[in-house]
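Here's the structure we're looking at; comments come further down.
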There are 2 protein chains.
Amino acid sequence: MPLLSKSAEYAIRACIFIVARSQAGHKTGLKEVAAAIGSPVFFTAKILQGLSRQKLISSMKGPNGGFYVPEEAFDITLLDLVQAIDGTDLFTECGLGMKQCSDSNPCPIHDQYKPIRAQITAMMENTTIQSLARRAIIDANGKTIKGLSLKNDLPESVLSQKTAG
Amino acid sequence: MPLLSKSAEYAIRACIFIVARSQAGHKTGLKEVAAAIGSPVFFTAKILQGLSRQKLISSMKGPNGGFYVPEEAFDITLLDLVQAIDGTDLFTECGLGMKQCSDSNPCPIHDQYKPIRAQITAMMENTTIQSLARRAIIDANGKTIKGLSLKNDLPESVLSQKTAG
DNA sequence: ATATTTATAGATATTCTTATCCTTTTATAC
DNA sequence: GTATAAAAGGATAAGAATATCTATAAATAT
């Protein structure tokens, strides 16, 4: 089992790209997003539709339309995104899935799992999509992300060249 | 998404019960296990069969048969169990599921996720089923686990009464 | 206004996980 | 040996996650 669903993975990667593009003043169409992050187009559509419905990202129909994130919303976090897609189980539920589990009635792994769950939550709470997008390396024409890995081993000069605060 | 699959949850709970019973010198039948941990009987059968095939637990057919863990194997860990059921993804894979992700070619959340993955791994590596079973509260006739929560808020006297090292 | 572009919505397919049932094998008790 | 008890194995079903396709609605450009 992975930590995140496929949907959440695509959502995060897509949003990093969309925010990076939004910071450069561009809306991004579905097909561009899918091409940039290497995700199945129609499935990506469903995911972005959901995020749009939940107001985590914005969209515009018609020519020159696409997905974008307005400046006021740059501070959406990994936690926002993951909760919107995968729900809150990872952050609230017992490690063994037991409804009765609590501090006063702990499951067998309660003490071991609790700090891990807290650390996962804190990390996602403290990581904004914007902060990830700031480090993203977009290619010259703004269409793709280097090797699907937004941050890579290019020299710092290239990095600062492509990333506008 | 939960951290563990349903199969892994049942496996852990079942093994805690089986080890606790093994420490008391008893084999435990499938139906007893399922009743004790509140899991679907036939599904539990499949899970225990798999663990048995992988030699994480042992089993005997016939009257007075059942599942057990021999003393030499008391030190199986959460990691052994979870990897046997859910595979190694949680412990080795990139947080965003990207094959190319590595220290030298990190994905956007590589730096944030790496220590968390390490902590999950360390926790499971360092937690033996035996250590969890030692704290388990089994009822007087040895058939059930208190409220499905193996460790609970009973007084220490009761705890030491029921748990033999 | 019309054509074009793009997101939205609904319906369907596919695969994986979870769950159940039935038959076979193996060990014990008698 | 025969009956009985229990795990092992195979087949099937139900549900959820992933993925695809088609039709609709909205915005822009002309």
Side-chain angles (χ1 to χ4, degrees), chain A residues 1-15 18 21-22 26-35 37-69 82 84-87 89-90 96-97, chain B residues 1-15 18 21-22 26-35 37-69 82 84-87 89-90 96-97:
Chain A
M1 286 264 297
L3 188 75
L4 303 172
S5 68
K6 228 80 185 77
S7 296
E9 288 177 10
Y10 294 148
I12 294 169
R13 292 202 258 157
C15 283
I18 291 167
R21 297 264 301 156
S22 295
H26 300 291
K27 297 193 191 69
T28 312
L30 167 65
K31 278 177 282 188
E32 292 178 274
V33 173
I37 70 172
S39 62
V41 178
F42 291 113
F43 191 44
T44 307
K46 285 293 178 214
I47 293 166
L48 295 181
Q49 279 167 30
L51 294 177
S52 182
R53 217 177 308 119
Q54 295 181 68
K55 311 277 186 211
L56 285 170
I57 63 177
S58 302
S59 66
M60 281 275 290
K61 291 179 178 180
N64 301 319
F67 297 93
Y68 65 100
V69 175
V82 172
I85 304 243
D86 286 347
D89 283 9
L90 184 60
L96 289 181
Chain B
M1 287 264 297
L3 187 76
L4 303 173
S5 68
K6 226 79 184 80
S7 295
E9 288 177 9
Y10 293 148
I12 294 169
R13 292 202 258 154
C15 283
I18 291 167
R21 297 264 300 157
S22 295
H26 300 292
K27 298 194 191 69
T28 312
L30 167 64
K31 279 177 281 189
E32 292 177 274
V33 173
I37 71 172
S39 62
V41 178
F42 291 112
F43 190 43
T44 307
K46 285 295 179 215
I47 294 165
L48 295 182
Q49 278 167 31
L51 293 177
S52 181
R53 217 178 305 119
Q54 294 181 70
K55 312 278 186 209
L56 285 171
I57 63 176
S58 302
S59 67
M60 281 275 290
K61 292 180 178 178
N64 300 320
F67 297 94
Y68 65 100
V69 175
V82 172
I85 304 244
D86 286 347
D89 283 9
L90 183 62
L96 290 181

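Just so it is clear, the model here is predicted, and its values are computed rather than measured. In what follows, every chain begins at residue 1, and chains take the letters A, B, ... in the order their sequences are listed.
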Can you measure from [atom1] ([X]) to [atom2] ([Y]) and round to the nearest 0.5 angstrom?
| X | Y | atom1 | atom2 | answer |
| --- | --- | --- | --- | --- |
| Arg13(A) | Ile18(A) | CZ | CD1 | 13.0 Å |
| Leu56(A) | Leu48(A) | CG | CG | 11.0 Å |
| Leu51(A) | Ser58(A) | CG | OG | 11.0 Å |

Using atom [atom1] of [X] as one end and atom [atom2] of [N] as the other, report the distance to the nearest whole Å.
| X | N | atom1 | atom2 | answer |
| --- | --- | --- | --- | --- |
| Glu9(B) | dT17(C) | CD | P | 15 Å |
| Ile47(B) | dT20(C) | CD1 | C1' | 13 Å |
| Ile18(A) | dT6(C) | CD1 | C1' | 14 Å |
| Leu51(A) | dA9(C) | CG | P | 13 Å |
| Leu30(A) | dT8(C) | CG | C1' | 11 Å |
| Gln49(B) | dA19(C) | CD | C1' | 13 Å |

Side chain Arg21(A), main chain Thr28(A), donor-acceptor under 3.5 Å: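 No: the side chain of Arg21(A) does not pair with the backbone of Thr28(A).
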Any donor-acceptor N/O pair, Asp86(B) side chain to Met1(A) backbone, under 3.5 Å: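 Absent.
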Could you check whether Lys46(B) gets within reach of a base, just the sugar-phosphate, or nothing at all, counting any heavy atom under 4.0 Å? base
Which part of the nucleic acid does Thr28(A) contact within heavy-atom distance under 4.0 Å: base, sugar-phosphate only, or nothing?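 Answer is sugar-phosphate: Thr28(A) comes under 4.0 Å of backbone atoms only.
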Report the residue (Phe43(A) or Leu48(B)) whose heavy-atom-nearest nucleotide on DNA chain D is the more 5′ of the two. Leu48(B)
Ile85(B) versus Ser5(B): any side-chain heavy-atom pair under 4.5 Å?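 Of all side-chain heavy-atom pairs linking Ser5(B) with Ile85(B), at least one is under 4.5 Å.
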Could you go step by step and tell me if Ser7(B) and Phe43(B) meet the side-chain contact (heavy atoms from CB on, under 4.5 Å) rule? CA-CA 8 Å; Ser7(B) 295; Phe43(B) 190 43; 3.3 Å; yes
Going 5' to 3' along nucleotides 22-30 of chain C, which nucleotides have protein heavy atoms under 4.0 Å from the base (write B), which only from the sugar-phosphate (write S), and which from neither (write -)? ---BBBBS-
Quick one: how far along DNA chain D does chain A reach, first to last nucleotide 5' to 3', anything under 4.0 Å to a heavy atom? dT18(D) to dA29(D)
